[in-house]
Amino acid sequence: MRRRGIGMGAIKNKNLAQARFKDKGSELAEDQLNQMSKQLDVFRTHLEDFAAKHKDDIRKDPQFRKHFQEMCATIGVDPLASGKGFWAEMLGVGDFYYELGVQIVEVCLATSHRNGGLMDLEELRQKLLSTRGKRKQEISIDDLMRAIKKLKVLGNGFTVIPVGGRYLVQSVPGELSMDHTAVLQLAEDTGYVSMSMIRDRLKWGEERSHRAVDYMLKEGLAWVDDQAPQEKHFWFPALFSNLDQE
Amino acid sequence: MDRLEWSDGNLFPNESTSIQQIGVRIYDGEDKTPFDNGSLLLTSHRLIWKDAKDQTCVLSLPLSLIVFVEEQAGGFSKSPKILAHLSAPMPGKQPGPATSSKNHYIRFSFTQGGMTEFYRCLADELAHRRWEHIPLTSHQPASQKRHVRAAGIVGIERNIQQKHKETDQNISVAFEDLNKLIAKAKDMVTLAKGISSKIKEKQGDITEDETIRLQSYLLSLGVDDPVTRETHGSGQSYYRELAKQIGSMLEQPLRESGGIMTLTDVYCRVNRARGMELLSPEDLISACKLLEVLKLPVRLKSFDSGVQVLQLQSHSEEESIEKTAKLVEENGSLTAEELSTMAGLSVILAKERLLLTEKSGGVCRDESVEGLRFYPNQFLTRKDLYFQLGRTL
């Protein structure tokens, strides 16, 4: 028995319709995401404005302060937004430099897993400019130096090191740095390392490699072989006994 | 099999559901079909089968076509089944998976049980014949139906637009001035969370920037009631309360970062948790100096290099001396480098620990061209050696 209008054609039509619904569905989802992102931006701008304009009022109301902070955390807005102002500029007083200090340490914390806590001051400034939001004041290297100086009372864990006309910020002191351990581990099989080995295998920058190796030379943990072919080798006597056994 | 129709799976307004069972396979007479794992739903008017994987693959069978049903008990490696004898298909039937079939019955196999209960409900529905008393209202010809669907999508779109507009409006009203924001703060927090979680769901995170991500995280660990000079006066009582708060705030983060943290990192974390209640480095250090007096589990420590850190009390000297001596004992001997790898410490800290252990008599040093190596202190632990030495001296 054959009936009209039903069969392969009908199934195809059905499938086609379903495919169209799917297309429409993802189109709607895309649209929604755009709308949401826009709302997030509006939210962000408003919060930044309020943080800058109503700082004291927000601090006065504990309940609201909590809500405000919660909003900043969810949307990704920095609630610290003091302007530099005249007095900060002239005398270095006010919250501006303290706040900048918090932001500086934060950038270092966030990137230390990559750079081992060693960062060019100019790179740090660029990062701060992008994370502080577009609406905030321009900051100079001098501002950074002033802010870091205020952190001095907290000990030598955070230092600025001049290196040939530019500055490096060191946020992880030797006591907490695992860089030396990493170099030792790298040397475990061969007994020595070279700058190119560190660069290729650990993916470190030159400054970072030099600092780690120099420290170990200074402490007598490493010996340098100037006559090795191509480049210097740094030997670790502590590892010699391992090599003998093999 | 040719009695089955494709369906969108939606129920009609006056259709009511009775029972649903998952793990149901459809047989065309005695033959297997591709519809081998789905859920079977019994309503007042139809049997609706929905594929477990492809939610768009939905079949329906009007109860009016069922002449009578039989139970088939299961057996060894055989699931129980319901057999439904069907009358001839009605004219004007919707398209289905098969245009013709030699069988005038289909079987539902219950691979995950539930047959008896389902059978009872089905027999019940068939006895009451509710489909005769309550006609399905929106049973329209196919062409008209498609039209309705299109209107549905436009409707959904309009609905979404409407919602977005409302949200936009809510945001701009709330941020008109501070008082309005204070009044609406709770709603705005919920709204913010809703937006950011939807965005996270779709693209992973609200931002690519690692610093902003860290900042959001640190802010979210906020303290509800930061200690301030306004709330706790000035002088010692202020610093004492501050020390207590810092201690409890940092215990967990310290544990996560290996029990030790520089004061600058502490400065950043504490201030982020306090939000807009900024703490100066001077106040921070004054409070940290009181940690020991107050016997808190977190302590301030200064290294010879001038580096200042907070560390967990579990890093007490006695304990770390004991641990270090034990590690040296177990390994026969250790250098600072070896201890560093073993204990996950920096080389400098490892060396400091070994020197400290040496000072208290836990280990002995052997200085050679190969560097500084530490051995267990057998002068103290081996009695025989002690006496031998005594005799020779």
Side-chain angles (χ1 to χ4, degrees), chain A residues 1 6-7 10 14 18 24 32-33 35-36 39-40 42-43 46 54-55 57-59 61 64-67 69-76 78-79 95 98-99 102 105-107 109-110 127 131 150-151 153-158 173-178 180-181 184-185 220-221 237-238 240, chain B residues 6 56 95 99-100 153 160 164 167 171 175 178 182 185-186 188-189 192-193 195-196 198-199 202 206-207 209-212 214-216 219-220 222 224-225 260 262-265 267-268 271 275-278 280-282 285 303 305-308 335 337 340-341 346-349 369-371:
Chain A
M1 199 162 56
I6 338 169
K14 168 95 186 165
Q18 265 172 8
K24 193 74 201 166
Q32 207 174 1
L33 186 64
Q35 295 260 21
M36 292 268 186
Q39 283 169 355
L40 195 74
V42 174
F43 229 117
H46 280 314
H54 303 291
K55 183 173 131 191
D57 294 312
I58 294 171
R59 283 169 56 184
D61 183 338
F64 178 62
R65 180 181 55 201
K66 194 178 143 207
H67 285 144
Q69 178 155 358
E70 233 174 307
M71 279 189 267
C72 287
T74 17
I75 300 293
D78 192 340
D95 285 346
Y98 289 137
E99 292 184 0
V102 174
V105 180
E106 194 167 57
V107 171
L109 256 176
K127 283 226 169 261
T131 56
K150 289 202 176 288
L151 299 175
V153 285
L154 299 174
N156 293 338
F158 198 96
E175 278 83 351
L176 300 188
S177 166
M178 294 308 284
H180 308 132
T181 317
L184 281 163
Q185 272 163 352
L221 298 176
F240 287 170
Chain B
W6 292 116
T56 56
T99 46
S100 68
I153 283 185
I160 291 175
H164 278 306
T167 313
I171 295 175
F175 281 96
L178 189 66
I182 292 175
K186 216 168 178 186
M188 283 297 117
V189 170
K193 283 191 176 153
I195 294 176
S196 85
K198 282 236 174 75
I199 290 181
K202 282 181 180 135
I206 48 167
T207 166
D209 194 298
E210 54 196 351
T211 310
I212 295 181
L214 175 74
Q215 183 188 90
S216 294
L219 282 170
S220 72
D224 287 349
D225 184 22
I260 190 163
T262 62
L263 267 197
T264 33
D265 287 3
Y267 174 70
C268 173
N271 271 316
M276 301 178 103
E277 281 302 336
L278 202 68
S280 74
E282 289 78 13
I285 199 137
F303 290 106
S305 59
V307 171
Q308 291 185 302
T335 61
E337 300 93 300
S340 142
T341 329
S346 70
V347 177
I348 301 178
L349 274 190
V369 282
E370 288 180 10

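Letters A, B, ... are given to chains in the order of the sequence lines, protein chains preceding strands, and every chain is numbered from 1. The structure presented is a predicted model; accordingly, all values stated were derived computationally and were not measured.
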Out of [options], which one racks up the most heavy-atom pairs below 4.5 Å with chain A?
{"options": "Lys193(B), His164(B), Glu282(B)", "value": "His164(B)"}
{"options": "Thr335(B), Asn271(B), Ile199(B)", "value": "Ile199(B)"}
{"options": "Leu349(B), Ile212(B), Val347(B), Val307(B)", "value": "Val307(B)"}
{"options": "Asp225(B), Asp209(B), Ile285(B), Asp265(B)", "value": "Asp265(B)"}
{"options": "Thr262(B), Thr167(B), Ile195(B)", "value": "Ile195(B)"}

Exercise. By a 4.5 Å heavy-atom criterion (distance strictly below it), what part of Leu278(B) contacts chain A: side chain, backbone, both, or neither?
Worked result: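 Contact with chain A is through the side chain of Leu278(B) alone.
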Problem set entry | Nearest atoms (heavy-atom pairs only) where Ser220(B) meets Ala73(A) |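 What the structure gives for the nearest pair is N-CB, 3.8 Å.
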For this session: Identify the two heavy atoms, one from Ser305(B) and one from Asn156(A), that lie closest to each other, and give their separation to 0.1 Å.
Result: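 Heavy atoms only, the tightest pair is O-ND2, 2.8 Å.
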Heavy-atom distances under 4.5 Å only: say whether [X] touches chain B with side chain, backbone, both or neither.
{"X": "Gln185(A)", "result": "side chain"}
{"X": "Tyr98(A)", "result": "both"}
{"X": "Leu184(A)", "result": "side chain"}
{"X": "Lys66(A)", "result": "side chain"}
{"X": "Thr181(A)", "result": "both"}
{"X": "Arg59(A)", "result": "both"}

For this session: Using the test salt bridge (Lys or Arg N to Asp or Glu O under 4.0 Å), find all partners of Glu106(A) that sit at least two apart in sequence or belong to another chain.
Result: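 In terms of salt bridge (Lys or Arg N to Asp or Glu O under 4.0 Å), with neighbours along the sequence ignored, Glu106(A) is linked to Arg272(B).
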Exercise. With no hydrogens and no angle check, is any side-chain donor or acceptor of Asp78(A) less than 3.5 Å from a backbone partner on Thr131(A)?
Worked result: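 Not confirmed, Asp78(A) side chain does not pair with Thr131(A) backbone.
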Exercise. How about Phe158(A) and Tyr267(B): are their ring centres within less than 6.0 Å of each other?
Worked result: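 Judged by ring-centre distance (under 6.0 Å), Phe158(A) and Tyr267(B) do not meet the cut-off.
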Separation of [Y] [atom2] from [X] [atom1] (nearest 0.5 Å):
{"X": "Ser177(A)", "Y": "Ile348(B)", "atom1": "OG", "atom2": "CD1", "result": "7.5 Å"}
{"X": "Met276(B)", "Y": "Asp57(A)", "atom1": "CE", "atom2": "CG", "result": "10.0 Å"}
{"X": "Thr341(B)", "Y": "Glu337(B)", "atom1": "OG1", "atom2": "CD", "result": "8.0 Å"}

Pick from [options] with the largest number of heavy-atom pairs that fall under 4.5 Å of chain B:
{"options": "Gln69(A), Met71(A), Glu175(A), Lys55(A)", "answer": "Glu175(A)"}
{"options": "Val107(A), Leu176(A), Ile75(A)", "answer": "Leu176(A)"}
{"options": "Glu70(A), Lys127(A), Gln35(A)", "answer": "Gln35(A)"}

Exercise. Got His67(A) and Lys186(B) here, is their nearest side-chain heavy-atom distance under 4.5 Å?
Worked result: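 The answer is yes; the side chains approach within 4.5 Å.
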Problem set entry | All side chain to side chain contact (heavy atoms under 4.5 Å, CB included) counterparts of Lys198(B), not counting sequence neighbours |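 Side chain to side chain contact (heavy atoms under 4.5 Å, CB included) list for Lys198(B), sorted by chain: Met36(A).
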